[in-house]
Amino acid sequence: MADFVSTRRDGSVAIIIVDNPPVNALRQEVRAGLKDHFAAAAQDKTVEAIVLACAGRTFIAGADISEFGKPMAPPGLSDVIEVMENIKKPTVAAIHGTALGGGLETALGCHFRVAAPSARLGLPEVKLGILPGAGGTQRTPRLVGLEKAMTMIVSGEPIPAKDALASGLVDEIVEGDLTAGAVAFARKALAEKRPLVRVRDRTVEPVDAAKLDELTASLLKRARGLHAPAAAAKAVRWTLDVPFDEGLRRERDTFLELVRGDQSKAQRHIFFAEREAAKVLDMPKDTKAREIKRAAVIGAGTMGGGIAMCFANAGIPVTVVEAAQDALDRGLGIIKKNYQSTVARGGLKQEDMDRRVGLIQGTTDFGAVKDADIVVEAAFEEMALKKKIFGDLDRLTKKDAVLATNTSYLDVNEIARATNRPGAVLGMHFFSPANVMRLLEIVRGAQTAPDVLSTAIDVGRKIGKVPAVVGVCHGFVGNRMLRVRGIEAERLLLEGALPQDVDGALTGFGFPMGPFAMGDLAGLDVGYRVRKALGERNEIADTLVEQGRHGQKTGRGFYIYEAGSRTPTPDPEVEKLIVDTAARLGVKRRTIGREEILERLLYPMINEGARILEEGIAMRPGDIDVVWVYGYGWPVWTGGPMFHADLVGLAKIRDRLAAFAKQSGDKTLEPAPLLARLAGEGRTFASLAAK
Ligand code: 3HC
């Protein structure tokens, strides 16, 4: 068996090394190894000081998340840390890469910490629906103060080494060889007879209670719907009220309660699903991504501009191509304005903005695509136009350029056939605003070459996106499911609900906004055009558009928006339109409860998700969850539609869908064969193997 923990010597300094690739997670063997090796070094009379270092790309990145939810095999991490912190010889953690969660808690079991300049340190447990469970909430405030600890623990955001040095979380930054620097630090501590103070014995500096309350409230505002951040904030405060050991005990109890809860299960599911979603099972092992040095974006509209920003933010030079000079100027102007507002908010330094803007070039010369290694087309959503563009790209781009379309609905295979190299074509579907939203649906065409697919995944990661690989169908995964929700939302209006009832049910569930407020934000004319092209009609939404009510941009849509405001106000005229339309269509309106509204909106989506799985459009149920959590605001603490379905129980969903189908006469609401089969067998979506 591999040595997860080993000790080597540098004179009288013992260097204990953790080696558990890829991220040195604290699996049971690592915990046991650390305990044994620290105890042995403590006993060994020839050892005067101890350095804890890690092999590979990072310091310990935390507990092994895959062990959560299973019975914990001893020793617990707190037991390991207890052994470490009671050693009467200087102990120094040497941190490179990321010291996260249990990793940072382990480092807090040492007397001292040194770090590489590029290291990052944090307690991201809240992102997994838990709180630090091995003393993090009790030790961190004793070292860095309550306010800093509160921010780190409640936000879960790691801090860079420089910041850690300033706040006292690390004692020194080591340029050059980190382990050698840590050994030198240990020797200096010995020579100077530095006092060996356990972090637990330090006193918490008192703070202004009102200021701390204000800080906590502002941190928790961003954690709407989540249980863990509030529990973590409470735990940090115990450092003021109870002795260390009592704080530790309470922290442990809260950790165990949270880790067993559905929120944490859901967030852990998303952690792993996010990493799986870009893994393509039939990708040949030796596939190599193509090198991307320069990008081009076709179209300087909202999407094109946002996509160009993504490349520039990642340091990739990008050329924006637009047909008319005025449209190009407008697009580039908006990009600049977006950056300026981030600078004004303090989110970006002026020099970084200048560098990014400098990476974006605009042109009306289509021939400029010749230098690009990847082209993302973000032109108007029209097949004829896209085919013309791809025909031109085929003639004008380098032989090995990757040609991507940002279409949200259209057939990527048909677009690919407009070229003589369909293997180079695929979809890269960004979500608005493209420079903010994390999801990137990568649409694999029938002929997309493996290395082209691999390049898109690689680029997606480089530009900070969460790539999810999906197949070709109308609307792919996200918009296809959104469409069925939209149909049901309109039906609910006719049957008795109002826009604010439908939207309220979804925001109550955890979405940032419901379909009608979202439609108003995006512009109701967008969906109108899509439906028209398909020969479909949405009685209420389409009438609104025909009345000139396009949403926020016209001050009126499903709601009214007072001048300059983004706050939706219900409109009696819309209510009248709904009531009249229902009467005209002979639909009898009734009171519909919030629970029924939710079921009617969410279950058809899950049903469509089952069809998407059956057709192989998504490889795994988790891929669908990733699409909805990162692209459409599905609340992460419910784990996405398919994970949520498993929690609700597939039999219940099957039965409700069957009832909805009967009641409405809409056969598409009948349970999908896969859903019916799994429900019948008492199984879950999670039990399916990927395909
Ligand atoms: N446990 C188990 N597996 C982990 C893991 C962990 N803590 N962290 C990462 N992995 C796995 C990933 O699933 C991935 O597996 P795969 O290759 O099979 O897909 C592999 O390690 C590499 O991870 P990434 O692809 O994420 O690699 P990056 O280099 O992009 O990022 C990282 C590295 C920043 C460390 C990132 O993986 C990360 O944020 N990990 C989670 C860190 C974390 O949340 N730690 C706290 C855990 S909870 C805890 O410690 C509780 C304690 O208080 C008791």
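Whatever order the structure lists them in is the order used to number ligands and atoms, beginning at 1.
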Which segment of Leu123 sits under 4.0 Å of ligand 1 when only heavy atoms are counted: neither
Side-chain H-bond candidate by donor/acceptor type, His644 with Thr638, under 3.5 Å: no
Any luck finding a side-chain donor-acceptor pair between His429 and Asn406 under 3.5 Å? no
Out of Ile130, Asn20, Val23, whose heavy atom sits nearest atom 10 (N) of ligand 1? Val23
Look at ligand 1 and say whether Pro132 reaches it with a heavy atom at a distance under 4.0 Å. yes
My understanding is that we take every heavy atom of each candidate and find the minimum distance to atom 7 (N) of ligand 1. Doing that for Ala25, Ala63, Ser264, Ala61, which one comes out nearest? Ala63
Quick check on contacts: which atoms of ligand 1 are under 4.0 angstrom from a heavy atom of Gly102? 49 (C), 50 (O), 52 (C), 53 (O)
Min N/O separation Glu105 to ligand 1 under 3.5 Å: yes
Give, for atom CZ of Phe255 and atom CZ of Phe68, the distance between the pair rounded to the nearest 0.5 Å. 4.0 Å
Closest to atom 39 (O) of ligand 1 among protein heavy atoms sits Leu100 CD1, 3.9 Å
Looking only at protein heavy atoms, which one is nearest to atom 28 (P) of ligand 1, and how far off is it? Arg57 NH2, 3.4 Å
Would you mind running through ligand 1 and noting each atom that sits below 4.0 Å from a heavy atom of Leu128? 44 (O), 47 (C), 48 (S)
Identify the protein heavy atom lying closest to atom 24 (P) of ligand 1, giving its residue, its atom name and the separation to 0.1 Å. Arg275 NE, 3.6 Å
Under 4.0 Å from one or more heavy atoms of Pro124, ligand 1 contributes atoms 43 (C), 44 (O), 45 (N)
Can you pull out the closest protein heavy atom to atom 2 (C) of ligand 1? Residue, atom name and distance to 0.1 Å, please. Asp64 OD1, 3.3 Å
Close-contact set for ligand 1 against Phe271 heavy atoms, below 4.0 Å: 8 (N), 9 (C), 13 (O), 40 (N), 41 (C)
Salt bridge (Lys or Arg N to Asp or Glu O under 4.0 Å) partner of Glu157, chosen from Arg222, Lys127, Arg120: Lys127
Donor-acceptor under 3.5 Å (Thr239 side chain, Val236 main chain): yes
Do me a favour and list the nearest non-hydrogen protein atom to atom 19 (O) of ligand 1 with residue, atom name and distance? Lys279 NZ, 2.6 Å
Going by heavy-atom distance to atom 46 (C) of ligand 1, choose the closest among Gly156, Gly101, Ser78, Pro158. Gly101
For atom 53 (O) of ligand 1, the protein heavy atom that lies nearest, with its residue and separation: Glu125 OE2, 2.6 Å
Looking at Asp451 and Arg290, is any side-chain nitrogen of the basic one under 4.0 Å from a carboxylate oxygen of the acidic one? yes
Hey, does Pro22 come in under 3.5 Å of ligand 1, counting only N/O atoms on both sides? no
Is it true that Glu246 and Arg249 have a side-chain N and a carboxylate O under 4.0 angstrom from each other? yes
Checking a contact table here: which protein heavy atom is nearest atom 1 (N) of ligand 1, and how many Å away? Ile65 N, 2.9 Å
Counting only heavy atoms not in Glu257 (residues, nucleotides, ligands), do more than 12 fall under 6.0 Å from its CD? no
Smallest separation among heavy atoms of Pro512 and Gly633, with atom names: CD-O, 3.2 Å
Test your reading of the model: is there a side-chain donor-acceptor pair from Ser6 to the backbone of Asp3, 3.5 Å cut-off? no
Provide the number and element of each atom of ligand 1 under 4.0 Å from a heavy atom of Phe272. 13 (O)
Stacked cation flag Arg275 on Phe271, 6.0 angstrom / 45 deg: yes
Would you say the side chains of Asn86 and Arg198 form a donor-acceptor pair under 3.5 Å? yes
